[in-house]
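Here's the structure we're looking at; comments come further down.
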Protein chains: 4
Amino acid sequence: MNDRSPRSRLARPTGPVLLPPNVAAEGTRRRILEGALLLFAREGFHASSMRDLARIVELQPSAVYVHFPSKEHLLAELVRAGHEAHQGGLRAALLEAGLDPLDQLRALVAAHVRLHAAFPHLATVVNTEMASLSPDLAAPGLALRKQSMALLVDILARGAASGRFALAHATVTAAAISALGQSVPAWYAPGPGLDVDALVEASVELAVRMVGAQPGPR
Amino acid sequence: MNDRSPRSRLARPTGPVLLPPNVAAEGTRRRILEGALLLFAREGFHASSMRDLARIVELQPSAVYVHFPSKEHLLAELVRAGHEAHQGGLRAALLEAGLDPLDQLRALVAAHVRLHAAFPHLATVVNTEMASLSPDLAAPGLALRKQSMALLVDILARGAASGRFALAHATVTAAAISALGQSVPAWYAPGPGLDVDALVEASVELAVRMVGAQPGPR
Amino acid sequence: MNDRSPRSRLARPTGPVLLPPNVAAEGTRRRILEGALLLFAREGFHASSMRDLARIVELQPSAVYVHFPSKEHLLAELVRAGHEAHQGGLRAALLEAGLDPLDQLRALVAAHVRLHAAFPHLATVVNTEMASLSPDLAAPGLALRKQSMALLVDILARGAASGRFALAHATVTAAAISALGQSVPAWYAPGPGLDVDALVEASVELAVRMVGAQPGPR
Amino acid sequence: MNDRSPRSRLARPTGPVLLPPNVAAEGTRRRILEGALLLFAREGFHASSMRDLARIVELQPSAVYVHFPSKEHLLAELVRAGHEAHQGGLRAALLEAGLDPLDQLRALVAAHVRLHAAFPHLATVVNTEMASLSPDLAAPGLALRKQSMALLVDILARGAASGRFALAHATVTAAAISALGQSVPAWYAPGPGLDVDALVEASVELAVRMVGAQPGPR
DNA sequence: TATGAATGAGTCTTCATTCAT
DNA sequence: AATGAATGAAGACTCATTCAT
């Protein structure tokens with residue numbers, strides 16, 4: 001899972017995988033993206049300077065512009081990648097789930113939480129720095145985000161309609177489940193105390209409780 | 001939706017109450033604090049310039065420094081006020097609740113959510129910009145935050161110990177309940193569709209479900 | 001010689017006498033002058049702010065303007081006082097000396113050095129900060145300075161003409177004697193190792209040697 | 001009196017040599033250093049702004065920071081260069097002098113005065129603006145200064161011990177000789193009236209008289 | 001006589017970005 | 001693909017000074 005292969009002595013191994021597999025970038029371009037991700041996640045977009053980034057990736061500031069046209073485009077690329085990975089992860093999970101809304105909820109929440117645990121930096125940047133994007137560059141992400149939320153809302157609606165869920169309040173429940181995942185990068189660090197699978201399992205259980213799942217058909 | 005009534009030019013009405021009652025500032029100092037709150041919440045601390053702030057409060061940038069020694073101190077003051085209001089709100093709620101952990105949970109969650117709904121700008125700033133504070137200025141807030149979390153964790157622990165709660169996982173549950181309130185400013189706006197009381201009620205219900213509350217003693 | 005009398009509890013005794021007797025200022029005005037003297041001597045005129053000064057004299061910056069119209073006028077006052085004290089000191093010394101150029105030289109150098117040892121802060125300010133004065137405010141000081149130099153040059157000239165001195169070079173000698181005194185504040189601090197009288201005596205001896213004094217008439 | 005010959009607009013002739021040979025800087029970096037030297041010498045460090053400097057060297061203020069990290073570092077570089085040139089000049093002179101303290105004194109004073117006459121701007125900055133340096137940046141210069149003074153003090157001590165000198169007072173004599181050179185930039189300008197060689201010769205003679213040199217061995 | 005709030009110009013420095021090489 | 005020098009705007013903050021009280 002960690003593909004660090006021996007590289008030239010100039011290589012700067014990045015340790016854990018920071019970017020999801022849907023990011024195609026390689027070489028310097030990828031290093032810049034990873035540096036920006038780390039930097040933006042740690043300092044925030046506006047507190048990060050191109051000089052800081054250049055230092056991290058051991059390049060001159062001007063060299064960054066060979067690969068990305070602006071600081072904002074860097075952020076846009078990360079936000080886009082993050083949203084697509086998220087959306088892709090949710091859709092893939094739903095595809096493997098059956099038609100039962102409860103199964104679908106379990107699958108969706110598991111994927112949602114797992115993604116936030118696996119890519120905490122990216123999730124942080126996506127969730128806290130999208131406001132720093134101009135409307136044009138933010139639009140695609142916003143659309144994906146809306147779709148992801150719709151996925152959850154739809155499951156809740158169908159579960160409620162079928163009597164499978166006893167919702168306290170659809171919107172509030174959706175928000176709570178969404179927040180459950182989004183808050184993960186803020187507090188969770190994988191470790192012996194709580195591994196990712198246990199985190200996911202507990203989160204799923206909480207979601208199931210929140211929707212007031214009724215005894216199933218079977 | 002904008003209820004600012006026509007007043008004298010000098011009045012500079014601030015519309016809704018932005019700052020909790022524990023903020024003692026008056027006059028220009030208060031106006032600066034409110035302007036900073038609005039600005040920091042909307043743009044983020046690092047994206048907000050003292051020039052912007054000065055423009056908002058209709059002062060020269062240098063005049064802001066008559067009242068606050070630095071931009072960071074402005075943020076620190078807001079963060080401090082926010083944390084104290086939050087802590088105070090939680091403690092007051094607990095004081096009125098009985099000894100039953102479930103009652104305490106209800107009271108705590110209600111206060112937590114209500115505060116986030118009543119002071120969304122302040123909550124946003126406190127939750128997203130504390131990292132912009134130097135360790136010295138951040139410390140008091142961090143301490144309060146820890147205490148607030150301990151309040152919740154403690155209730156969960158006592159409820160679990162007494163058999164009143166059937167927790168899926170204490171830490172995850174605490175995080176989920178905390179996130180439930182913290183996410184409110186990001187999506188909720190009081191309106192006919194969902195008033196604050198309904199939001200609070202639904203939130204409390206979700207928390208109760210999350211802890212797996214068992215039929216009470218009586 | 002130190003006239004510190006008991007004053008109100010607000011009084012801030014200034015310790016050693018910083019200003020020569022020809023400075024008439026009293027009360028707050030004097031305290032400001034002394035504070036400015038200390039500050040300008042320590043930090044330099046341009047590195048000293050009115051806020052710093054106000055802090056030193058425990059006043060608000062605006063209160064300083066009640067006594068002096070500007071920062072530059074403060075400096076001008078000090079420079080004027082310094083030059084007048086210097087000039088006065090030299091003239092008084094000459095008055096007591098006889099007609100012999102060597103006696104006059106002794107008297108002049110003694111006064112010159114003694115004044116620099118007695119009022120080192122003032123001498124420092126006068127010698128290093130006069131360039132910070134606008135031509136208008138600098139003019140009186142410049143004139144006095146010229147006169148003081150003329151006093152020395154004249155003695156040298158008369159001594160040379162009468163065969164009493166065997167000068168190496170009139171201008172260079174005058175400069176060296178002048179510098180001999182002016183450098184005192186930079187290195188000398190009264191103490192057991194070298195008291196003022198010894199400093200003065202040694203300095204006079206050096207000057208006498210520099211002019212190549214010949215065996216006297218008698 | 002102004003010998004700048006007509007050259008291309010871009011040449012920005014600097015006229016006389018302002019910096020000693022031990023300053024390696026070239027191109028823009030050197031121009032900045034020279035501009036800063038002129039400016040600091042004329043206005044004083046604190047009265048000189050980076051804008052002023054940028055205007056002098058025909059650059060944007062920000063471009064100065066490409067070459068020097070701060071205004072203070074500019075000063076530090078000048079002070080360092082000045083001290084090293086001074087120290088180097090003194091040592092070189094002593095190397096060529098024999099073992100006789102009187103010869104050594106002559107050599108030392110000649111070098112001391114000649115350097116101050118040759119690089120008056122640098123000497124001015126070194127002597128008057130070192131106090132504007134933070135302790136860290138001032139330390140190297142302070143150390144060199146101490147060594148230079150020790151060179152003189154040592155010669156005096158040896159001359160006195162050997163009976164070659166009849167000192168009035170070692171410390172005062174050393175201070176006077178030192179001041180003799182340091183005061184040069186304040187009053188001396190090379191010209192037909194007094195050329196550098198004559199200045200040096202006269203200065204050496206004054207120093208010789210000050211130490212009370214006795215008839216030599218030969 | 002002194003204060004507290006305010007001003008407008010200025011401080012040093014950093015920013016994202018460009019461009020010739 | 002990358003550099004080093006440069007730009008012009010903007011950053012936070014300080015300055016000397018004013019003025020109503």
Side-chain angles (χ1 to χ4, degrees), chain A residues 10 27-29 31-32 45-54 57-75, chain B residues 27-29 31-32 45-54 57-75 132, chain C residues 10 27-29 31-32 45-54 57-75, chain D residues 27-29 31-32 45-54 57-75 132:
Chain A
L10 283 176
T28 301
R29 189 180 156 90
R31 259 177 45 226
I32 294 174
F45 176 73
H46 278 111
S48 304
S49 79
M50 291 298 263
R51 275 168 169 76
D52 294 337
L53 174 56
V57 298
E58 291 175 59
L59 240 32
Q60 294 298 319
S62 48
V64 176
Y65 287 85
V66 171
H67 301 276
F68 295 91
S70 78
K71 187 183 161 191
E72 199 190 355
H73 277 85
L74 260 169
L75 174 59
Chain B
T28 302
R29 190 181 155 90
R31 258 173 48 225
I32 293 174
F45 176 73
H46 278 113
S48 304
S49 80
M50 291 300 264
R51 279 161 156 81
D52 294 339
L53 174 56
V57 297
E58 293 176 56
L59 239 34
Q60 296 291 326
S62 52
V64 176
Y65 289 86
V66 171
H67 302 276
F68 296 90
S70 76
K71 187 183 159 190
E72 198 189 356
H73 276 86
L74 260 170
L75 175 58
S132 303
Chain C
L10 284 176
T28 302
R29 189 180 156 89
R31 259 176 44 227
I32 292 174
F45 176 73
H46 278 111
S48 304
S49 79
M50 290 297 264
R51 275 168 169 76
D52 294 338
L53 174 56
V57 298
E58 292 175 57
L59 240 32
Q60 294 298 319
S62 49
V64 176
Y65 288 85
V66 171
H67 302 275
F68 296 91
S70 77
K71 186 184 161 190
E72 198 189 355
H73 277 86
L74 259 168
L75 175 59
Chain D
T28 302
R29 190 180 155 91
R31 260 175 46 227
I32 293 173
F45 177 72
H46 278 113
S48 304
S49 79
M50 290 299 262
R51 278 160 157 81
D52 294 339
L53 173 56
V57 297
E58 293 175 57
L59 239 32
Q60 295 293 325
S62 51
V64 176
Y65 288 86
V66 171
H67 302 275
F68 296 91
S70 76
K71 187 184 160 189
E72 198 189 355
H73 276 87
L74 260 169
L75 175 59
S132 303

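One atom, CE of Met50(A), and another, C1' of dT18(E), lie 12 Å apart when rounded to the nearest Å. When the P atom of dT17(F) is taken as reference, atom CG of Leu53(C) falls 12 Å away, rounded to whole Å. Atom P of nucleotide dG4(E) and atom CZ of Arg29(B) are separated by 15 Å, given to the nearest angstrom. What separates CD1 of Ile32(C) from C1' of dT1(E) is a distance of 10 Å, to the nearest Å. The distance between atom NE2 of His46(D) and atom P of dA16(F), rounded to the nearest whole Å, is 12 Å. Taking atom CZ on Phe68(D) and atom C1' on dC12(E), their separation rounds to 16 Å, with Å as the unit. The OH-C1' distance, from Tyr65(B) to dA9(E), rounds to 15 Å in whole Å. Atoms NE2 (His73(A)) and P (dA16(E)) sit 16 Å apart, rounded to a whole Å.
For Ser62(D), there are no side chain to side chain donor-acceptor pair (under 3.5 Å) partners two or more places apart in sequence or in a different chain. Remark: Tyr65(D) pairs with Met50(D) by the side-chain contact (heavy atoms from CB on, under 4.5 Å) rule, at least two apart or across chains. For Thr28(A), the side chain to side chain donor-acceptor pair (under 3.5 Å) criterion is met by no residue, not counting sequence neighbours. Residues meeting the salt bridge (charged side-chain N to carboxylate O under 4.0 Å, His left out) test with Arg51(A), sequence neighbours left out: none. By the side-chain contact (heavy atoms from CB on, under 4.5 Å) test, Ala47(B) is found to be paired with His46(A), Glu43(B), residues two or more places apart in sequence or in another chain being considered. Partners of Gln60(A) by side chain to side chain donor-acceptor pair (under 3.5 Å), not counting sequence neighbours: none found.
Considering only heavy atoms from C-beta on, Asp52(B) comes within 4.5 Å of Ser49(B) through its side chain. Arg31(B) has its side chain within reach of Leu59(B): a pair of non-hydrogen atoms, C-beta onward, lies under 4.5 Å apart. Under the 4.5 Å side-chain criterion, counting only non-hydrogen atoms from C-beta, Ser132(D) is in contact with Leu75(D).
In DNA chain F, runs of at least 3 stacked Watson-Crick or G-U pairs (N1-N3 plus N6-O4 or O6-N4, or N1-O2 plus O6-N3, all under 3.5 Å) give these stems: E:2-21 with F:2-21.
Here the nucleotide nearest the side chain of Lys71(B), chosen from dT17(F), dT13(E), dC13(F), is dC13(F). Of the candidates dA16(F), dT17(E), dC13(F), the closest approach to any side-chain atom of Ser49(C) belongs to dA16(F).
Nearest-nucleotide positions on DNA chain F place Ser48(B) closer to the 5' end than the other of Ser48(B) and Ser70(C). Looking at which nucleotide of DNA chain E each of Asp52(D) and Pro69(D) is closest to, the 5′-most match is held by Asp52(D).
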Please tabulate the protein-to-nucleotide N/O contacts below 3.5 Å involving nucleotides 3-7 of chain F, giving atom names and distances.
{"residue": "dT3(F)", "atom": "OP2", "partner": "Gln60(A)", "partner atom": "N", "Å": "2.9"}
{"residue": "dG4(F)", "atom": "OP2", "partner": "Gln60(A)", "partner atom": "NE2", "Å": "3.2"}
{"residue": "dG4(F)", "atom": "N7", "partner": "Ser62(A)", "partner atom": "OG", "Å": "3.3"}
{"residue": "dG4(F)", "atom": "O6", "partner": "Ser62(A)", "partner atom": "OG", "Å": "2.7"}
{"residue": "dA6(F)", "atom": "OP1", "partner": "Thr28(D)", "partner atom": "OG1", "Å": "3.2"}
{"residue": "dA6(F)", "atom": "OP2", "partner": "His67(D)", "partner atom": "NE2", "Å": "2.6"}
{"residue": "dT7(F)", "atom": "OP2", "partner": "Gln60(D)", "partner atom": "N", "Å": "3.1"}

